[in-house]
Undergrad: 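Here it is, the structure, as structure tokens.
Just so it is clear, the model here is predicted, and its values are computed rather than measured. Any value given below was found using the heavy atoms of this structure, including those in side chains, with hydrogens, waters and symmetry copies removed.
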Amino acid sequence: MSGVKGVKHADHRLAADQARQIPGLWVLAATYNSSNSAKSAARAIRRGDEVLRFYGPAGAFDTRTELTQDGADLFVKYLVDQTEGAPA
């Protein structure tokens, strides 16, 4: 359980590590109480904001959110250029 207000469950460090190990596949990063909170975190991840530094650099991850009965799920996907082995 996260201590961040508005978050039901989040382990962003673990999610970023897992996504890096399986580039191109979606990983559940967190479940938020509201879609606004999930979308705000998604923007921070895509921008490489310091608050969610595990997902840096900017542009290394894609995000998507889904509404569920439990809140709003945030998924992350590590983007890798398969020919270069570097973030796309």
Undergrad: Tell me every residue that passes side chain to side chain contact (heavy atoms under 4.5 Å, CB included) with F75, counting only those two or more places apart in sequence or in another chain.
TA: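 Counting only residues at least two positions away or on another chain, F75 forms a side chain to side chain contact (heavy atoms under 4.5 Å, CB included) with W26, L28, R64, E66, D73.
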Undergrad: Which atom names give the shortest non-hydrogen contact between A19 and V76, and what distance separates them?
TA: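 Smallest interatomic distance, heavy atoms only, reads CB-CG2, 4.2 Å.
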Undergrad: Of all heavy-atom pairs between V80 and P23, which one has the smallest distance, and what is that distance?
TA: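 Minimum heavy-atom separation between V80 and P23: CG2-CB, 3.6 Å.
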Undergrad: Kindly write out the residues that satisfy side chain to side chain contact (heavy atoms under 4.5 Å, CB included) with L67, not counting sequence neighbours, or none if the list is empty.
TA: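 L67 satisfies side chain to side chain contact (heavy atoms under 4.5 Å, CB included) with S35, A72 only.
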Undergrad: Side-chain donor-acceptor contacts of residues 45-61 below 3.5 Å, not counting sequence neighbours, with atom names and distances?
TA:
unit_1 : atom_1 : unit_2 : atom_2 : d
R46    : NH1    : T63    : OG1    : 2.4
Y55    : OH     : H12    : O      : 3.4
Y55    : OH     : H12    : ND1    : 2.7

Undergrad: Tracing side-chain links under 4.5 Å among I, L, V, M, F, W and Y, which residues wind up in one group with L14?
TA: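 None; L14 is a cluster of one.
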Undergrad: If you take all heavy atoms of A15 and V27, which pair is closest and at what distance?
TA: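 In this case the closest contact between A15 and V27 is O-CG1, 4.0 Å.
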Undergrad: Taking side chain to side chain contact (heavy atoms under 4.5 Å, CB included) as the definition, give me every residue that meets it alongside D17, ordered by chain and number, with sequence neighbours left out.
TA: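 D17 satisfies side chain to side chain contact (heavy atoms under 4.5 Å, CB included) with R13 once adjacent residues are dropped.
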Undergrad: So with a 6.0 Å cut-off around NZ of K39, is the heavy-atom count from everything else above 12?
TA: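 For K39, atom NZ is not crowded (no more than 12 foreign heavy atoms under 6.0 Å).
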